[in-house]
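The structure appears below as structure tokens.
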Amino acid sequence: MTWSEMQPLLSEASGDTLYMVGWSTVIAVVGGLPLGVLLVLTDRGGLLQNLAANKVIGQVVNIARSMPFIILMVALMSFTRTITGTTIGREAAIVPLAIGAIPFFARLVETAVREVDGGLVEAVQAMGGNTWTVVRKVLVPEALPSLISSATTTVVALIGYSAMAGTVGAGGLGDIAIRYGYQRFETQLMWITVAILAVVISLIQFAGDYAARALHRRGGHSSVAPRLRLLKNRTPAAEAVASDVNRAA
């Protein structure tokens, strides 16, 4: 197969892969972020402590996260057909990709949120801030560098999942590698596909790491965090800004 024959196939497949991964990432973030925060809030000592609910949510997340993607994809075929009307193509692939990524991202979110300084949470509570204020003003902003790293890891995992989805006709680079590289013995095309995936993953990882480091260097990531740290230390300057923090919260 010549380059002029491979180029259209690779262009279309690359676009399909980015489409599947892009939409799956959006759904995973929208679903996984509140789920991960909820796991922290309902845990022992959390702001919404509910050990029964935490255990149920945790078990569901663990079961979904531990299931191999190829099995999950097959198990969800009926559900995928109900949602999209088909089980093949890039739209159909988004369903198992997103469902597989939500628990994966949720656990990463849980780890990131647990690293936030508990003193900042106590400072907001001391000023009368409710749970939503704590989440919006402290937990998520302060965990943002780690959340970006978590999202980057999720995107990289989704690219691997999308290649696996190509084995059942989902399209994308994985489909090209299977149909042409393996079944038709187009070894050159298969290695080009591998190279494209490696380059895409490297670029995404670099961008995610750069963004996380840039945010980490800023120190306080939420608008009220620097003043909350002063308040936590109970310095004279802290008392002067307490009323401002209370209004911001």
Side-chain angles (χ1 to χ4, degrees), residues 1-33 64-65 67-77 79-81 83-106 108 147-212:
M1 182 178 290
T2 64
W3 172 249
S4 60
E5 294 173 320
M6 289 188 290
Q7 195 273 333
L9 292 173
L10 291 171
S11 296
E12 182 179 0
S14 298
D16 288 344
T17 295
L18 293 176
Y19 179 87
M20 290 186 291
V21 171
W23 277 108
S24 300
T25 300
V26 171
I27 297 171
V29 170
V30 171
L33 180 59
R65 190 181 59 160
M67 187 175 295
F69 178 71
I70 190 70
I71 296 176
L72 178 66
M73 188 166 50
V74 173
L76 289 174
M77 278 188 173
F79 179 71
T80 300
R81 184 181 291 107
I83 298 297
T84 65
T86 181
T87 58
I88 60 174
R90 61 183 192 178
E91 283 77 16
I94 292 173
V95 177
L97 284 172
I99 292 176
I102 286 174
F104 180 83
F105 184 65
L108 296 178
L147 292 177
I148 290 177
S149 296
S150 299
T152 302
T153 302
T154 302
V155 172
V156 172
L158 280 170
I159 292 175
Y161 291 165
S162 71
M164 198 182 305
T167 61
V168 292
L173 291 169
D175 181 52
I176 293 295
I178 293 296
R179 284 196 298 121
Y180 292 90
Y182 177 72
Q183 295 177 349
R184 302 185 187 182
F185 303 102
E186 294 287 349
T187 306
Q188 183 181 13
L189 179 59
M190 183 172 65
W191 283 113
I192 292 175
T193 302
V194 171
I196 292 173
L197 287 171
V199 170
V200 171
I201 288 173
S202 297
L203 291 174
I204 291 173
Q205 190 67 59
F206 173 80
D209 291 345
Y210 179 83

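Model, not experiment: these values are computed from the prediction.
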Practice prompt. Hey, could you give me the CH2/CG distance between Trp23 and Leu158, rounded to the nearest 0.5 Å?
Written response: 14.5 Å
Worksheet, complete the sentence: Taken to the nearest 0.5 Å, the spacing of Thr25 OG1 from Ile204 CD1 works out to 8.0 Å
Worksheet, complete the sentence: Closest non-hydrogen contact found for Gly100 with Leu72 is CA-CD2, 3.6 Å
Worksheet item: So which heavy atom on Met20 is nearest to which on Gly171, and how close?
Response: CE-O, 3.7 Å
Worksheet item: Where do Ile148 and Ala212 come nearest, in terms of heavy atoms and distance?
Response: CG2-N, 4.2 Å
Item to complete: Drop me the distance from Tyr161's OH to Phe104's CZ, to the nearest 0.5 angstrom.
Response: 6.0 Å
Practice prompt. Test Ile102 against Ile27 for side-chain contact (heavy atoms from CB on, under 4.5 Å), laying out the working first.
Written response: CA-CA 8 Å; Ile102 286 174; Ile27 297 171; 4.3 Å; yes
Practice prompt. Could you walk me through whether Met6 and Gln188 pass side-chain contact (heavy atoms from CB on, under 4.5 Å), step by step?
Written response: CA-CA 10 Å; Met6 289 188 290; Gln188 183 181 13; 4.3 Å; yes
Worksheet, complete the sentence: Rounded to the nearest 0.5 Å, the CE atom of Met164 sits from the CD1 atom of Ile159 at a distance of 13.0 Å
Practice prompt. Hey, could you give me the CG/CD distance between Leu9 and Glu186, rounded to the nearest 0.5 Å?
Written response: 10.0 Å
Practice prompt. Determine yes or no for a side-chain-to-main-chain donor-acceptor pair under 3.5 angstrom, with Ser162 supplying the side chain and Val21 the backbone.
Written response: no
Practice prompt. Apply side-chain hydrogen bond (donor to acceptor under 3.5 Å, both in side chains) to Glu12 and list each qualifying residue two or more places apart in sequence or on a separate chain.
Written response: none
N/O donor to acceptor pairs below 3.5 angstrom from side-chain atoms of residues 85-99, sequence neighbours left out:
| unit_1 | atom_1 | unit_2 | atom_2 | d |
| --- | --- | --- | --- | --- |
| Thr86 | OG1 | Ile88 | N | 3.2 |
| Arg90 | NH1 | Asp16 | OD1 | 3.3 |

Worksheet entry | Interatomic spacing from OG in Ser14 to CD1 in Ile176 - rounded to 0.5 Å | 9.0 Å
Practice prompt. Decide side-chain contact (heavy atoms from CB on, under 4.5 Å) for Leu33 and Leu147; before the verdict, give the C-alpha distance in whole Å, the side-chain angles of both, and the deciding distance to 0.1 Å.
Written response: CA-CA 9 Å; Leu33 180 59; Leu147 292 177; 4.2 Å; yes
